[in-house]
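Here's the structure we're looking at; comments come further down.
What's counted below: heavy atoms across the whole structure, side chains too, no hydrogens, waters or symmetry copies. The structure displayed is predicted, hence computed values, not measured ones.
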Amino acid sequence: QGLPSGGSATFTWTCTASSARSYTLGAAISATDAVTGAPLSASASPIALTVQAPASLRASIAVAGGNPLVVGQPASVTLTVTNGGGAAANLTAVAASATGGTGATCATPSPEPPRTVAGGSSEVFTWTCTPAAAGSLVLGASVSGTDANTGASLEGTAPGVTRTVV
């Protein structure tokens with residue numbers, strides 16, 4: 001493409017990363033002077049950037065105090081949320097659940113969102129659930145949030161832990 005003396009041109013391109021890692025992007029141009037035939041060249045200073053794997057939530061739950069639980073006695077519940085991705089996860093909600101024939105009253109998980117979990121890190125939430133009646137009780141939890149880089153929705157559900165209540 002011809003370029004008049006003193007003119008400029010803008011070039012745009014798209015790059016697709018092959019994997020999550022650090023990259024360096026740069027550009028070089030070469031041309032020939034239309035009048036003299038002399039070679040011309042220029043380069044842009046390279047820039048470094050990091051491509052991260054998206055945030056990915058995994059959740060696991062533990063109930064202290066063994067089995068069985070006792071009606072009216074609070075059971076301590078711990079939820080560990082792990083971000084297996086590279087990007088940070090912005091947690092916006094953590095919800096405790098208690099299902100089954102006995103019912104239970106559960107406190108609000110602590111610490112309360114919003115929370116940020118860095119890539120490769122974990123966040124621990126705790127609360128208590130108090131069984132209301134004898135029978136079988138399943139204690140669980142779910143967590144939701146967004147990928148800090150893309151804003152994509154994230155969700156994680158801990159498999160429930162079943163306890164007998166006496």
Side-chain angles (χ1 to χ4, degrees), residues 1-64 75-99 104-129 138-162:
Q1 146 180 354
L3 189 62
S5 178
S8 65
T10 300
F11 297 91
T12 304
W13 64 93
T14 301
C15 297
T16 302
S18 58
S19 64
R21 64 180 183 91
S22 295
Y23 291 88
T24 302
L25 297 178
I29 189 166
S30 60
T32 304
D33 185 295
V35 175
T36 67
L40 303 171
S41 65
S43 62
S45 297
I47 59 168
L49 67 106
T50 301
V51 174
Q52 294 179 314
S56 173
L57 300 180
R58 289 187 317 270
S60 63
I61 198 165
V63 180
S76 295
V77 182
T78 302
L79 171 70
T80 302
V81 178
T82 302
N83 178 1
N90 295 323
L91 303 183
T92 56
V94 175
S97 65
T99 57
T105 303
C106 295
T108 301
S110 176
E112 290 187 49
R115 306 294 294 177
T116 298
V117 182
S121 297
S122 298
E123 181 82 19
V124 176
F125 298 88
T126 59
W127 65 92
T128 59
C129 287
V138 180
L139 298 172
S142 61
V143 60
S144 59
T146 59
D147 182 292
N149 291 342
T150 66
S153 293
L154 301 171
E155 301 212 4
T157 301
V161 175
T162 302

Check: S76 and T128 side chains under 4.5 Å, non-hydrogen atoms:
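SC-SC contact between T128 and S76 confirmed.
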Closest contact, heavy atoms only, [X] versus [Y]:
X: T36; Y: D33; answer: N-OD1, 2.9 Å
X: V138; Y: G160; answer: CG1-CA, 3.8 Å
X: W127; Y: A96; answer: NE1-CB, 3.3 Å
X: T116; Y: A88; answer: CG2-CB, 4.0 Å
X: F125; Y: P109; answer: CB-CB, 4.4 Å
X: A98; Y: C106; answer: CB-SG, 3.9 Å

Rounded distance (nearest 0.5 Å) linking atom [atom1] of [X] with atom [atom2] of [Y]:
X: T78; Y: I61; atom1: OG1; atom2: CD1; value: 8.5 Å
X: L57; Y: S153; atom1: CG; atom2: OG; value: 11.0 Å
X: T24; Y: I47; atom1: OG1; atom2: CD1; value: 9.0 Å
X: S144; Y: L154; atom1: OG; atom2: CG; value: 9.0 Å
X: E155; Y: T92; atom1: CD; atom2: OG1; value: 8.5 Å

Using a 3.5 Å distance criterion without hydrogens, assess whether the side chain of [X] forms a donor-acceptor pair with backbone atoms of [Y].
X: T80; Y: S60; result: no
X: D147; Y: A55; result: yes
X: N149; Y: A87; result: no
X: N83; Y: S56; result: yes

- Query: Is the closest side-chain donor-acceptor distance between S122 and T82 under 3.5 Å?
  - Reply: yes
